[in-house]
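This report refers to the structure that appears directly beneath it.
All chains are named by letter (A, B, ...) in the order of the sequence lines, taking the proteins before the strands, and each is independently numbered beginning at 1.
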Amino acid sequence: MLDIIDKYDILGAFWMTIRLAFFSAIGALLIGTVLAVMRVSPVAILRRLGAFYVNTVRNTPLTLLVFFAIAGPYYILQISLTPVNSPTALVDNGIRWAIVALAVYHAAFVCEALRSGVNTVPLGQAEAARSIGLTFGQSLREVILPQAFRGSIAPLGSVLIALIKNTTVASVIGVAEASLLMSEIIENETASVSVFLLFAMGFVILTLPFGVFFTSLSRRLAVKR
Amino acid sequence: MDDVKPLAAAPSEQIPDTPREPMVVMDGVNKHFGDLHVLRDINLTVGKGEVVVVLGPSGSGKSTLCRAINRLETIESGTISIDGKTLPEEGKPLAQLRADVGMVFQSFNLFAHKTIRENVTLGPVKVRKKSKSDADQQANDLLKRVGVEAQADKYPAQLSGGQQQRVAIARSLAMGPKVMLFDEPTSALDPEMVNEVLDVMVGLAKEGMTMIVVTHEMGFARKAADRVVFMADGQIVEIGTPQEFFTHPKSDRAKDFLGKILTH
Ligand SMILES: Nc1ncnc2c1ncn2[C@@H]1O[C@H](COP(=O)(O)OP(=O)(O)O)[C@@H](O)[C@H]1O
Ligand SMILES: [Mg+2]
């Protein structure tokens, strides 16, 4: 076992997992927030566009999205996310397109988490806000969004944990993250069960603190009704 | 002999013994929810300083009437004006007008993520542009007046229903409203808390606040109301003084209704 740990760059592979998760989480939060605002906006066309995005992306297997991200834009349309003649162009494009696909995919879930937060705010809160003369914008800022945010912490936590685990899908386009290395080691070595347990533990170490953090945060900030 | 009371002469008219200036005027107001005609040609004038209690069976349109006055419900025809100003359609002018109309809901609707004091200061600071310290000062005075000053730093969920409703009244009062609307303010309360809220409302009425109150509390109507408006099926069926209405209701609908609630 120790020789395996010596021979392969396991920490390096998990570091790649963390990078994938970190950048795609930022992308997913940004795109997801825009989508959520679209979905609760008073403009019907924006609401419909937002709903279309969420329904389409949510119902597409992530593996396909990741595969299409590299096959479509990169190989066919030749859209490179790195300088074309860089020596690591192929590897870096794989990583970056994987991040794009992960962000696009999880944005749909971020959107729904935020929207479920908005739905935890009773209608009466908005009516009371309007009744004291707050404008639409002030009601959102002062009353609705602060409560909606607190209501979406727990579901957002679940989305981020799923995202961390879903980075393993990037292995289908050869991104050298943890699960790809695991398959490689299991293929080459004999100690497959213990290798598997080692990597499983790695993922638990990555995700468990998130779960604990989000649960306690959502409990601490929960709006009591 | 010549001071004949004009009460019986004009049954559908309002009692013309109110030489008050009008505060709220509803003129030919109609509204539907789909096929349901919830407000049918409503004409009602509420004078400055007047207290009007609205009664009627469930589903008769009382809440909708109340909510139309600060445009939480839109209307399809007719006009509503407050202190001479017609209700604006949308946007900033509407928000400004709403600031002058206090509203107290059956379910309190205190801002759940803000403390009691912040609930009372939010409007004065954001809408009336008061300084934080002035608003705090005013909030302390108002909370004392409704008897919940000791709870100022708590959150709404930590208070009893009666306390929450008194805070909701203080939150409205903080805006210095010209008129206050109450939609069944005591219906969601445990019986032992009803009076603490009604006492605050009676106090307001005595001080000359213009009030429109949807309530089935007969005690309040007798004690504080200048007029009682009886609604059924989206129409105003009868208007009279509490004394008249409770002892000699004219319409069958009103007799039937009173028969039901007074036996309880
Ligand atoms: N938002 C709404 N959509 C559809 N129907 C409604 C809505 N609000 C109220 N109604 C209906 O309008 C009628 C009058 O309601 P409401 O004004 O709440 O009556 P009340 O307060 O006298 O009980 C009821 O039949 C009710 O079901
Ligand atoms: Mg009602």
Side-chain angles (χ1 to χ4, degrees), chain A residues 33 36-38 40-47 113-157 213-225, chain B residues 63 66-67 69-73 88 90-115 118-129 154-159 164 167-168 170-178 180-183 188:
Chain A
T33 305
V37 170
M38 284 169 73
V40 300
S41 85
V43 186
I45 181 79
L46 291 181
R47 279 202 306 273
L114 290 174
R115 217 163 59 96
S116 77
V118 171
N119 289 338
T120 62
V121 186
L123 194 60
Q125 296 284 305
E127 293 190 340
R130 283 189 279 158
S131 294
I132 60 168
L134 297 182
T135 61
F136 179 72
Q138 286 175 323
S139 308
L140 270 184
R141 266 200 314 282
E142 299 291 333
V143 177
I144 313 299
L145 290 181
Q147 296 186 47
F149 170 70
R150 292 159 196 232
S152 47
I153 291 172
L156 272 181
F213 173 73
F214 276 98
T215 307
S216 85
L217 192 68
S218 110
R219 212 172 280 146
R220 207 143 30 87
L221 294 182
V223 183
K224 308 259 182 336
R225 302 203 186 275
Chain B
S63 296
C66 227
R67 292 160 56 84
I69 295 172
N70 67 355
R71 216 165 195 283
L72 287 179
E73 301 288 355
E90 273 309 323
K92 197 112 203 190
L94 178 60
Q96 267 158 8
L97 193 125
R98 278 183 180 143
D100 291 338
V101 180
M103 174 106 189
V104 175
F105 302 86
Q106 180 175 346
S107 49
F108 330 134
N109 293 349
L110 293 179
F111 304 129
H113 64 308
K114 290 191 180 289
T115 64
E118 288 166 347
N119 264 274
V120 181
T121 58
L122 182 65
V125 169
K126 295 292 167 187
V127 179
R128 299 285 190 225
K129 309 295 179 198
K154 292 188 181 165
Y155 286 88
Q158 297 172 282
L159 271 59
Q164 288 191 55
V167 173
R171 174 175 69 179
S172 287
L173 287 175
M175 303 304 292
K178 291 177 174 170
M180 289 189 61
L181 312 171
F182 295 80
D183 188 3

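- With a 4.5 Å cut-off on side-chain heavy atoms, A:Glu127 and B:Arg67 count as touching.
- No part of A:Ala222 comes within reach of chain B, as not one of its non-hydrogen atoms sits under 4.5 angstrom from that chain.
- In this structure, chain A has no heavy atom under 4.5 Å from any part of B:Arg128.
- When each of B:Leu110, B:Val104, B:Leu181 is scored by its heavy-atom pairs under 4.5 Å with chain A, the top score falls to B:Leu110.
- The part of B:Phe105 that comes within reach of chain A is its side chain, from C-beta onward, which places non-hydrogen atoms under 4.5 angstrom from that chain.
- Residue contact with chain B, scored on non-hydrogen atoms closer than 4.5 Å, involves the backbone and the side chain of A:Val143 alike.
- Here OG1 of A:Thr135 is found 10.5 Å from NZ of B:Lys126. Values are rounded to the nearest 0.5 Å.
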Assess the residue pair B:Lys114 and A:Glu142 against the criterion (side chain to side chain contact (heavy atoms under 4.5 Å, CB included)); give the C-alpha distance rounded to whole Å, side-chain angles, the decisive distance to 0.1 Å, and a yes or no. CA-CA 10 Å; B:Lys114 290 191 180 289; A:Glu142 299 291 333; 3.9 Å; yes

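- Between B:Asn70 atom CG and A:Ile132 atom CD1 the span is 12.0 Å, to the nearest 0.5 Å.
- Across every non-hydrogen atom of A:Lys224 and B:Ala112, the tightest pair is O-CB, 3.9 Å.
- Only the side chain of A:Gln138 comes within less than 4.5 Å of a heavy atom in chain B; its backbone stays farther off.
- Rounded to the nearest 0.5 angstrom, B:Met175 CE and A:Ser131 OG are separated by 10.5 Å.
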